[in-house]
Structures are given as C-alpha cells and as structure tokens.
Amino acid sequence: MNILILGSGGREHAFGWKIKLSPLCDKIYFAPGNAGTLAIGENLAVNPNDFQAVKDVVIAKGIKMVVVGPEEPLVRGVVDFLESDPELKGLMVVGPSKQGAMLEGSKDFAKQFMMRHDIPTARYLAVSAKTCSDGKAFMKGLKAPYVLKADGLAAGKGVLIIDDYDEACAELDRMLGGKFGAAGNTVVIEEFLSGIELSVFVLTDGNDYFILPEAKDYKRIGEGDSGLNTGGMGAVSPVPFADAAFMEKIENRIIRPTVNGIQEEEISYRGFIFFGLIKVGNDPYVIEYNVRMGDPETEAVLPRLKNDIVELFIDLHKGKLKSHRTETDSRKAVTVVLVSGGYPGDYEKGIEISDLAKVDGSHVFHAGTAIKSDKVVTAGGRVIAITSMAPSIDEARVLSLKNASKIHYQGKYFRKDIGFDLM
Ligand code: AMP
Ligand code: GLY
C-alpha cells in the first residue's frame, strides 16, 4: 500500500521510519517532508493545508492511507474534506474530523467537553471582550500565578502564566484586544496546577482505544527547565513515575471518559489523542488535549512501540483496534533535539549540516532540514532529533549526547540534561 504523511517535522520523519518497517507499506510519500524523509520515501511539494493539492496527489500516486502529522490541517478540516470526496472512496485517513479536532483547536470547547464528562482539569472561566470584567473577578478568587490561554491555535505561544494580578489583568486586556488575533477573541482563565507533567497517547476510533508508550517532553530552551518555551527540546519514554497504578488512574479517569464522550457526542474520530497531563499529588489532571502525536515525543515513543503501526491504522478503520495489545521495548528512549542558534527567537536558515553519517547507534530524525545544492542545510528552529535506546535513561541520554556532538553546523545548540528530573 502507498502511504502519504502530511507534515515536515521530526514527528513525520519518525512516522515514516516506523511505517516503513511494516511489510504492508510499499511506497511512502511526504507532503512536504524534509531532507531526512527523502532517504525513506518521496517528498512532494504540497502544502498540507491545500486540501485540493493533497487530493490530487492521493489520486496521482495511488495512495490508500493518509497520516496527518500536524494539528493545523486537522483543525481546518482535512479529514472531512478527504473522507467526503466520492473520488477518494476507501481512502484511510488517520486523524479526527474537524469537530473532533476542536479538542485542540478551541480550549474553551475542550474545557466544556471535560466538564460534560467529568474529566479532571483545572477550574476555569472562558471570557470574551464583553465579559472581561467577569474574568478579572474570577482571577481575584484564584491564587497566583494566573494562567491565561488564547482559545484558538496560536502556534504554541497562546498560554501565559503570570505571577502578578494587575499584570494578569493587563495581559487579559491585551489578549482580548487582539494580541493573538482571532485566536484570542475568547480567553480561558485557569487555576494554576502545580505538579509534574507527562504526555499520554492513544489511537482511537471513538469506541476502542490503543494506548501507546507515554513520554515526558522538555519545553524550555535552557537546562534545568529554564528560559523561553520552545516546541520541545527533548523527550523521554517511559516516564518512571507513571507506574501501573498511576496509569490505571489515567485510563479510568481520563482516557475512558474522553473516548466515551467522543462516542456519546457522536464525534467522528479516527486518530490520535495526546493527553497533556499533570500529576498533582497522586492524581492526574488534563492540562490540554492535542489531536495528533507530539513532537518530539513521537521520536521517543515510536522506537519503543513494537506493534506494526500500519496494521494498527488499518484496524483503526475496520473497528478492530481491540484485537491489538501494546507491545513495547523495555529499554528507555531519550530524544535530544538539536536546534538553530538563536531559537526560539530569530535564527538563520540554510546553514550546511555536516557529519550526519558519523552518528552511530542512535536514530536520527530530521526536523527543520532541507537539501540545497546537494547539501543538507538547516531549514527551521528545531533541526535534528536524536533518539537513543538503553537500559537506563542516563545511558540513553549519554549516547544521544555523544552522537549530538558528532553532528556539525554553525550555531548548533542542544540541552544536555534531558531526563534530569526523572533519574
Ligand atoms: P498548553 O498549551 O495548554 O499545554 O499550555 C502550555 C504549558 O503551560 C503546559 O505544558 C503547562 O506547562 C503550562 N500550563 C498550562 N495550563 C496550566 C495550568 N492550569 N496549571 C499549570 N500549568 C499550566
Ligand atoms: N511537544 C509538545 C507538542 O507536540 O505539542
């Protein structure tokens, strides 16, 4: 079967690598892909948000399955577009419908969904410009710090955590005044939860679910979790504190009620749910839903998953997810992300990357890379994700660091302490 992956990051390269391991996969295409995906398939110059162009390549290349990597095409409705087209009958698309994608596309929708289904999450109030004063009154009743979230997609920048009440009020005014464009027309104000975060992933058809290995990601640019937020500087899987008892709480209180809620509300959903969770005391709470896999979590999770992922995707569409049991590699995976100098602020692109072939004993997943004059060059903030597997987190981390130091490009930066809080 020919399979198309939408997206161009480390997550999509990792999906491609995993899909390629399946005997069910013939040829793999990426739209648009990166320099790394070229080595395992064909890159197509197609924007995943241009649905007609996606349809055209599905037909032209005889594609039978489309895996959607990032959230934006999902929130814009790519799945509904492809599934409702009579010319694409029988195409299997991995990703939720537009309505299902609102679990990520609207934080207010996600909060209301959690309220309806009794899913533990932070107390909140959603406000608009008209009800701004209610928001300020609600904040008065909360303890600092204050959490303000733009309702819509804001490229991971829409969440602000502010210590001072007056500053939080001023920021609320700015958000409702258009700081994040239309994404901030509604702002969700939340109680701050204090604890340690983890990410749990399921594949679901809104009826059954298949739990993937969990992970923890490291969002801050600096060591010891300091400095600005990024898309993710590294990840670890498994998460030692997510023991069987805690995972059972997550399944009973969060995963099952979420999947049941999708079913009760008749939301069409065949894709991943990424539960961004926080452990408060001994209890799990939902910080956010994403309707796709995480990046860089995917780069740590998929190398540990032993199941044939194409078989899973086919059975997702046949309503047979139940017949699969999660099989995992017991080794620990540590992913270290190499970024461009200056990231998450401004950075240069087009810088030559050398010595990639010197990496030994680790997976190399490309993120922001491209080919220019036959050379691999940087093309984004997050450039390469290196994943190593070993009996302990520390051994896996050390191997990833050893290989990270072998790759060269001007301005290269990576965190050396991924997993520091788990050892
Ligand atoms: P989100 O985009 O909703 O995942 O938020 C980004 C980050 O902000 C999360 O990964 C948390 O670290 C933090 N965060 C969001 N909501 C809360 C909350 N209610 N309490 C504490 N931290 C939060
Ligand atoms: N690493 C977090 C995310 O993919 O949203």
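All values below were derived from every heavy atom in this structure, side-chain atoms included, with hydrogens, water molecules and symmetry-related copies excluded. Atoms within a ligand are numbered from 1 in the order they appear, just like the ligands themselves.
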Step-by-step side chain to side chain contact (heavy atoms under 4.5 Å, CB included) determination, E12 to W17: CA-CA 9 Å; E12 287 76 21; W17 164 80; over 6 Å; no
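Using a 4.0 Å cut-off between heavy atoms, I161 contacts ligand 1 through its side chain alone, with no backbone atom that close. By the criterion of a heavy-atom distance under 4.0 Å, neither the backbone nor the side chain of R11 is placed next to ligand 2.
Applying side chain to side chain donor-acceptor pair (under 3.5 Å) to Q263 and the options D208, D205, T258, N207 leaves one that passes, N207. Each of R292, M293, E71 was scored for a side-chain contact (heavy atoms from CB on, under 4.5 Å) with F274, with one residue passing: R292.
Close contacts of ligand 1 with E197, meaning ligand atoms under 4.0 Å from a residue heavy atom, involve 9 (C), 10 (O), 11 (C), 12 (O). Using a 4.0 Å cut-off to heavy atoms of K149, the atoms of ligand 1 that qualify are 3 (O), 15 (C), 16 (N). Of all the atoms in ligand 2, the ones that sit under 4.0 Å from a non-hydrogen atom of E297 are 1 (N), 2 (C), 4 (O). Remark: ligand 1 atoms within the under-4.0 Å shell around heavy atoms of K107 are 2 (O), 3 (O). Close contacts between ligand 2 and G231 involve ligand atoms 1 (N) [criterion: under 4.0 Å to a heavy atom]. Residue-ligand proximity, A122 to ligand 1, at heavy-atom distances under 4.0 Å covers atoms 19 (N). If you number the atoms of ligand 2 from 1 as listed, the ones under 4.0 Å from a heavy atom of F274 come out as 3 (C), 4 (O), 5 (O).
Within the structure, every pair that satisfies the side-chain hydrogen bond (donor to acceptor under 3.5 Å, both in side chains) test and touches residues 210-221, not counting sequence neighbours, is listed here: K216-D421, Y218-D421.
An N or O contact shorter than 3.5 Å links L193 to ligand 1 by distance. Close N/O approach between D295 and ligand 2 is found [any backbone or side-chain N/O within under 3.5 Å]. Considering backbone and side-chain N/O of D217, one or more are found under 3.5 Å from N/O of ligand 2. At least one N or O atom of R292 sits closer than 3.5 Å to an N or O atom of ligand 2.
In this structure, G294 has a heavy atom closer than 4.0 Å to ligand 2. Using a 4.0 angstrom heavy-atom cutoff, T121 does not count as in contact with ligand 1.
The cationic atom of K140 (NZ for Lys, CZ for Arg) lies less than 6.0 Å from the six-membered ring centre of Y165 and within 45° of the ring axis. Remark: K136 fails to qualify as a cation-pi partner of F138 under the 6.0 Å distance and 45° angle criteria applied to the six-membered ring.
Taking the six-membered ring for Trp and the full ring otherwise, F113 and H117 have centroids separated by under 6.0 Å.
Side-chain atoms of S362 and N403 include a donor-acceptor pair closer than 3.5 Å. Looking at Q52 and D50, their side chains never bring a donor and an acceptor atom within 3.5 Å of each other.
Checking L148, N290, V159 against atom 6 (C) of ligand 1, the nearest heavy atom belongs to V159.
At least one side-chain heavy atom of L91 sits under 4.5 Å from a side-chain heavy atom of L82.
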